[in-house]
Peer 1: 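Dropping a structure here in structure tokens format, bear with me for questions.
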Number of protein chains: 2
Amino acid sequence: MRFTTKTEYGLVCLIYMARKSPGQSVTIKEIVKTERFSATYIEKILQKLRTANIVISHQGKQGGYALAKASSEITLKEIIEALEGGSTFDVSLNTFGVFCAPQIRDRIVCTHFSMCGLRPVWHKTKELLDHFYGSITLETIAKEEPEVKNLVTVN
Amino acid sequence: MRFTTKTEYGLVCLIYMARKSPGQSVTIKEIVKTERFSATYIEKILQKLRTANIVISHQGKQGGYALAKASSEITLKEIIEALEGGSTFDVSLNTFGVFCAPQIRDRIVCTHFSMCGLRPVWHKTKELLDHFYGSITLETIAKEEPEVKNLVTVN
DNA sequence: TTAATCTGGACAAATTTAGTCTGGTTTTGG
DNA sequence: CCAAAACCAGACTAAATTTGTCCAGATTAA
């Protein structure tokens, strides 16, 4: 149980942007120079974030990406939903909402042959995570300093 | 973000076993007849559960599987750890513990080039889920009745 | 003994994730 | 104007992971 690299890389990009002065735009080239990600892959990720109205972009020379709103207004929840959302099993709709019970038209349909009490558990999991991630903003993540004692950079 | 079918199928099997009288053993054949799972796949899952001391098995004619302890003593946490545990990214060790920071020898090493404040977030996620799943027993899941209003069986 | 059952490991198929490639379009500075 | 710098879009490929299958062997009750 994990998030994909899209969420990981996307978060690193957003943290990078959050540390710039508000409104200042950033090019993919610049991010890639710092983080050594694949430029074309980061493009994809930023496009997802743009569709979700988390970043805005400007085309053309002097173009780039910037946060669409203050970092204190962007929650981890919306970032994760934007980036995990394209997966076959996405955070908000499939996994914990209807894990053992896909929705067919307007009814929840359990595909197991004996009834089980799992749905409330997955539902509560989703509630827990939504509440937690909904309470964390990009500002917090970008500000927070790692515990130097346990955290060492490579290069 | 989801659990694999191993966890899903495994839970269904355990619920099936929990509803038998204590100590009564169950064959794969019997489970498969009820749930229409692949027998060979269920074998693999039950072997994982056996290794984790959640079920015990008896070989030979009249053999089968039974819960290794009372269903009230088996938590969802240990079931999930047993079944997701073999994955490359497992619940207890990799994902939320050290998502952006693999452990190399005895130090946590952040592979990103700019520091980020994500580790405490994944750590807290793990704590939340461990606490929640640690508090739910197989007995509870096996007992609980689905809300018939929203939950319809197929077949 | 023998049929029923679990055991264990190699193997294969399907799915998903991760990443590349290529040819666009838009904008702006000279 | 126009060429360079940047984003846009989508098909495509490769790698990794999940989801199984197959089967010979070990064990045990009847």
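Below, read A as the first sequence line, B as the second, and so on, with proteins coming before strands; counting in each chain starts at 1.
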Peer 1: Does DNA chain C take part in any stems of at least 3 consecutive Watson-Crick or G-U pairs (both distances under 3.5 Å), and if so, which ones?
Peer 2: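 Correct response: C:1-30 with D:1-30.
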Peer 1: Mind calculating the distance between NZ (Lys48(A)) and P (dA9(D)) to the nearest angstrom?
Peer 2: 14 Å
Peer 1: Within the structure provided, determine whether Lys29(A) and Lys33(A) are in side-chain contact (heavy-atom separation under 4.5 Å).
Peer 2: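 Lys29(A) does not reach Lys33(A) side chain to side chain.
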Peer 1: Between dT17(C) atom P and Glu8(A) atom CD, what is the distance in whole Å?
Peer 2: 15 Å
Peer 1: Whole angstrom is fine here: how far is it from CG in Leu83(B) over to P in dT18(D)?
Peer 2: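 One finds 13 Å between P of dT18(D) and CG of Leu83(B), rounded.
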Peer 1: Just jot down the side-chain hydrogen bond (donor to acceptor under 3.5 Å, both in side chains) partners of Gln24(B), sequence neighbours excluded, or say none.
Peer 2: Ser21(B)
Peer 1: Could you list the residues that satisfy side-chain hydrogen bond (donor to acceptor under 3.5 Å, both in side chains) with Thr137(A), not counting sequence neighbours?
Peer 2: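 Listed in chain order: Thr140(A).
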Peer 1: Where the side chain of Ser57(B) is concerned, which of dA4(C), dT7(C), dC8(D) is the nearest nucleotide?
Peer 2: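 Taking heavy atoms from C-beta onward, the closest nucleotide is dT7(C).
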Peer 1: Quick one: does any side-chain atom of Glu84(B) pair with a main-chain N or O of Phe3(B) as donor and acceptor, under 3.5 Å?
Peer 2: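 A pair under 3.5 Å: no.
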Peer 1: Between C1' on dG8(C) and CD1 on Ile28(B), what's the gap in Å once rounded to a whole number?
Peer 2: 13 Å
Peer 1: Which nucleotide sits closest to the side chain of Gln47(B): dG8(C), dC6(C), dT28(D)?
Peer 2: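 Looking only at heavy atoms from C-beta outward on Gln47(B), the closest nucleotide is dG8(C).
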Peer 1: Would you mind reading off the distance between Ile31(A) atom CD1 and dA6(D) atom C1', rounded to a whole angstrom?
Peer 2: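 Between C1' of dA6(D) and CD1 of Ile31(A): 13 Å.
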Peer 1: Generate the contact string for nucleotides 19-25 of chain D. Rules: B means base contact, S means sugar-phosphate contact only, - means no protein heavy atom under 4.0 Å.
Peer 2: BBBB---
Peer 1: In whole Å, what is the span from the OH atom of Tyr65(B) to the P atom of dA4(C)?
Peer 2: 17 Å
Peer 1: Taking side chain to side chain contact (heavy atoms under 4.5 Å, CB included) as the definition, give me every residue that meets it alongside Gln59(A), ordered by chain and number, with sequence neighbours left out.
Peer 2: none
Peer 1: Please determine whether a side-chain nitrogen or oxygen atom of Lys61(B) lies at a distance below 4.0 Å from atom OP1 or OP2 of dT2(C).
Peer 2: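 No, no such contact exists.
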Peer 1: Applying salt bridge (Lys or Arg N to Asp or Glu O under 4.0 Å), which residue pairs with at least one partner in residues 50-73 of chain B are found, sequence neighbours left out?
Peer 2: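 Pairs touching residues 50-73 of chain B that pass the test: Lys69(B)-Glu78(B).
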Peer 1: Run the side chain to side chain contact (heavy atoms under 4.5 Å, CB included) test against Thr40(A) and tell me which residues pass, sequence neighbours left out.
Peer 2: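 Only Ser38(A) meet the side chain to side chain contact (heavy atoms under 4.5 Å, CB included) criterion with Thr40(A).
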Peer 1: Not counting sequence neighbours, which residues clear side chain to side chain contact (heavy atoms under 4.5 Å, CB included) with Lys77(A)? List them please.
Peer 2: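 Scan of Lys77(A) (side chain to side chain contact (heavy atoms under 4.5 Å, CB included), adjacent residues dropped) gives Thr75(A), Glu81(A), Asp130(A), Tyr133(A).
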Peer 1: Measure CD1/Ile42(B) against C1'/dT5(C) and give the value in whole Å, please.
Peer 2: 16 Å
Peer 1: Please report, rounded to the nearest Å, how far the P atom of dT7(C) is from the NZ atom of Lys29(B).
Peer 2: 17 Å
Peer 1: Just to verify, what does Ala39(A) make a side chain to side chain contact (heavy atoms under 4.5 Å, CB included) with, not counting sequence neighbours?
Peer 2: Ile28(A), Val32(A)
Peer 1: From the list dA3(C), dC8(D), dA5(D), which nucleotide is the closest neighbour of the side chain of Arg50(A)?
Peer 2: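 Among the listed nucleotides, the one closest to the side chain of Arg50(A) is dC8(D).
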